[in-house]
Amino acid sequence: MSLRRRLSAAVALTVAAAGVVMAAGTAAAATRHEAESAPATCDGLIESNHAGFSGSGFCNANNAAGAAAQFTVSAPAAGAATVNIRYANGGTSSRPADVLVNGAVAHAGSAFDPTGAWTTWVTKRLTVSLNAGDNIIRLNPTTAGGLPNLDYLEVDAPTSGKTTVWLAGDSTVASSSGSNVVGWGRELSNYLTTDATVVNSAIGGRSVQTWLYESAVTSTKNSAGECVLSSTAYAARWQAMLNASTGMKAGDHLFIQFGINDGSSTCPRHVGSARYRELLTTMVRAAQQRGAHPVLVTPVAALTCSGSTATPNRGFLTETLDVGRATGAPVIDLHKLSYTLYNGLRFCPFNGDYSSGPVGAFFANDHTHFEAAGARQIAGLVTKAVRDQQLALSAYLR
């Protein structure tokens, strides 16, 4: 693309934020703000020479670091919001940009990856925290390549209201899976305001496939090495989340953590890498289609020691991150956060006695499952990540 010249008169772009926390059943329709519409700042040209854009044109910013687009964002209430940015990048390299909100970096070096052609437009989804009233959102390119072409931002204004936090996972998330065993999902509400209701549908011993399909997953593998389904009917717990009247609504949240039981070599729990990605993607897309906020969580670490160091021990980390990148869903790396916590608590070296001491107070009867005190600390890691990553649920944290 040719070097862009700076507009002598900058055009301002007024935007409200998208994907917000909204009261169940009261989601506002998304509002589209075209990049070519005044008032605006676009450090470049408003052009219309690449087909597929919405409206009458797009912002073609200069090929230079700092050649920015800046948006004035109005929000009736403070809270987390998701901004949907439609762009095209026909080059061969990513065009990273810092996303600043009111002068502070909300997302450093956010990637605007190649789309294959300048006529191929995609939507990038980012979550930011807004103040009540006017906010300034600035896309500031960090390399000489500048910004991609910007078509529009489609947003909703954050409003105050109630929300539901839906949980899908295994025993490390479930409310209880036997004597003294508590999952972090049971403790999550301790970190949330009373406007957030937790519906914990995690259940012990499940892979993502057995959670979704339950008894329909047979003990037989097909030629691809995946467990055969006797039926494609979803289990009741997923059907409940999908229910149009009582399930996930716009502004709700879906936290998904699997990857512990999925590594089994035998059916019905076995799930291969490609199938794991497919099923996680199905769940994420279902939430997004309903206007809910999906969050992927890597599997919480077990306690394994190498001398005095707690070490990584879970699989499906790459697959979870891959799905996050492909769908735009945020990922909380609970695996890394948890074994880092174990090191901070100096759980290693460990003699294997789960009946006493700091390890006994944290874990139940093995190196995987938690007592209530341990589960609460793991829930604390999750909610700290929600705050640090400025996810939509941060508006409901105590």
Side-chain angles (χ1 to χ4, degrees), residues 165-190 197-219 227 229-230 233-242 253-272 275-276 279-280 282-283 294-304 313-317 319-320 332 334-335 337-339 341-342 354-355 359-382:
V165 183
W166 305 83
L167 304 181
D170 53 40
S171 59
T172 61
V173 186
S175 292
S176 180
S177 298
S179 178
N180 299 327
V181 175
V182 176
W184 62 260
R186 196 191 81 171
E187 302 300 305
L188 185 62
S189 60
N190 292 294
T197 299
V198 177
V199 177
N200 192 350
S201 296
I203 186 168
R206 269 53 176 188
S207 63
V208 61
Q209 185 157 255
T210 54
W211 189 92
L212 281 169
Y213 294 102
E214 197 53 71
S215 57
V217 187
T218 72
S219 296
C227 303
L229 297 182
S230 62
Y234 288 128
R237 48 186 166 265
W238 184 230
Q239 290 185 36
M241 292 189 187
L242 300 179
H253 310 264
L254 172 63
F255 282 67
I256 308 166
Q257 184 212 287
F258 292 100
I260 294 177
N261 300 302
D262 310 69
S264 173
S265 60
T266 60
C267 294
R269 296 200 299 185
H270 168 79
V271 181
R275 180 65 169 161
Y276 187 86
L279 295 177
L280 279 193
T282 294
M283 298 181 73
V295 179
L296 294 166
V297 183
T298 59
V300 64
L303 177 61
T304 58
N313 46 59
R314 297 299 190 197
F316 295 95
L317 307 178
E319 291 86 346
T320 305
I332 293 176
L334 184 57
H335 181 252
L337 292 172
S338 53
Y339 71 72
L341 173 65
Y342 305 158
Y354 291 96
S355 63
V359 173
F362 194 100
F363 288 91
N365 302 315
D366 57 31
H367 68 336
T368 295
H369 299 99
F370 310 113
E371 297 270 2
R376 182 169 294 197
Q377 290 195 60
I378 298 298
L381 295 179
V382 173

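Note that the coordinates shown come from a computational prediction; the quantities given were computed from them, not determined experimentally.
- Side-chain atoms of Tyr234 never come within 3.5 Å of backbone atoms of Leu242 as a donor-acceptor pair (strictly under, hydrogens ignored).
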*Derivation of the side-chain contact (heavy atoms from CB on, under 4.5 Å) call for Gln209 and Leu229*: CA-CA 10 Å; Gln209 185 157 255; Leu229 297 182; 4.1 Å; yes

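- For Asp366 (side chain) and His369 (main-chain N/O), a donor-acceptor pair under 3.5 Å exists by modelled atom type.
- Contact check for Val208 versus Met283: side-chain heavy atoms found under the 4.5 Å cut-off.
- No side-chain donor-acceptor contact under 3.5 Å links Ser201 to the backbone of Ala168.
- The closest side-chain heavy-atom distance from Pro268 to Tyr213 is not below 4.5 Å.
- When all heavy atoms of Cys227 and Val217 are compared, the pair lying nearest together is CB-CG1, 3.7 Å.
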*Could you give me the CA-CA distance, side-chain angles and deciding distance for Ile256 and Val297, then say whether side-chain contact (heavy atoms from CB on, under 4.5 Å) is met?*
CA-CA 6 Å; Ile256 308 166; Val297 183; over 6 Å; no

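- Under the 3.5 Å distance criterion, the side-chain polar atoms of Thr320 are left unmatched by any main-chain donor or acceptor of Thr298.
- Between the Asp262 side chain and the Ser207 main chain, no donor and acceptor come within less than 3.5 Å of each other.
- A donor-acceptor pair under 3.5 Å is absent between the side-chain atoms of Trp211 and the main chain of Arg237, judged by distance alone.
- Judged by distance alone, with hydrogens and angles left aside, the side-chain atoms of Asn313 form a donor-acceptor pair with the main-chain N or O of Ala302 at under 3.5 Å.
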*Between Met241 and Leu254, is a side-chain contact (heavy atoms from CB on, under 4.5 Å) present by the stated rule, with each step listed?*
CA-CA 9 Å; Met241 292 189 187; Leu254 172 63; 3.8 Å; yes

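- Distance alone, capped at 3.5 Å, places no donor-acceptor pair between the Ser264 side chain and the His270 backbone.
- Of all heavy-atom pairs spanning Val173 and Ala202, the tightest one is CB-CB, 3.7 Å.
- Taking the side chain as every heavy atom from C-beta outward, Gln377 and Glu187 never approach each other to under 4.5 Å.
- Of the inter-residue distances, the one linking Phe255 atom CZ with Ile332 atom CD1 reads 5.0 Å to the nearest 0.5 angstrom.
- No donor-acceptor distance shorter than 3.5 angstrom exists from the side chain of Glu371 to the backbone of Ala361, with no hydrogens or angles considered.
- Taking all atoms of both residues into account, the shortest heavy-atom contact from Pro299 to Ile260 is CB-CG1, 3.7 Å.
- Of the inter-residue distances, the one linking Ile378 atom CD1 with Phe370 atom CZ reads 4.5 Å to the nearest 0.5 angstrom.
- Closest approach of Arg206 and Asp170 over heavy atoms only: O-CB, 3.7 Å.
- Contact of the Arg186 side chain with the Ser176 side chain is not registered, since no non-hydrogen atoms from C-beta on lie closer than 4.5 Å.
- Once rounded to the nearest 0.5 Å, the distance linking CG of Asn200 with CG of Leu188 reads 8.5 Å.
- Nearest heavy atoms, Val182 versus Ala375: O-CB, 3.5 Å.
- With rounding to the nearest 0.5 angstrom, the CD1 atom of Ile203 is 11.0 Å from the OG atom of Ser175.
- Two residues are said to be in side-chain contact when any heavy atoms from C-beta on lie closer than 4.5 Å; Asn365 and Tyr354 fail this criterion.
- Checked against a 6.0 Å centroid threshold, the rings of Phe258 and Tyr276 do not count as neighbours.
- His335 NE2 to Gln257 CD: the interatomic distance, rounded to the nearest 0.5 Å, is 10.5 Å.
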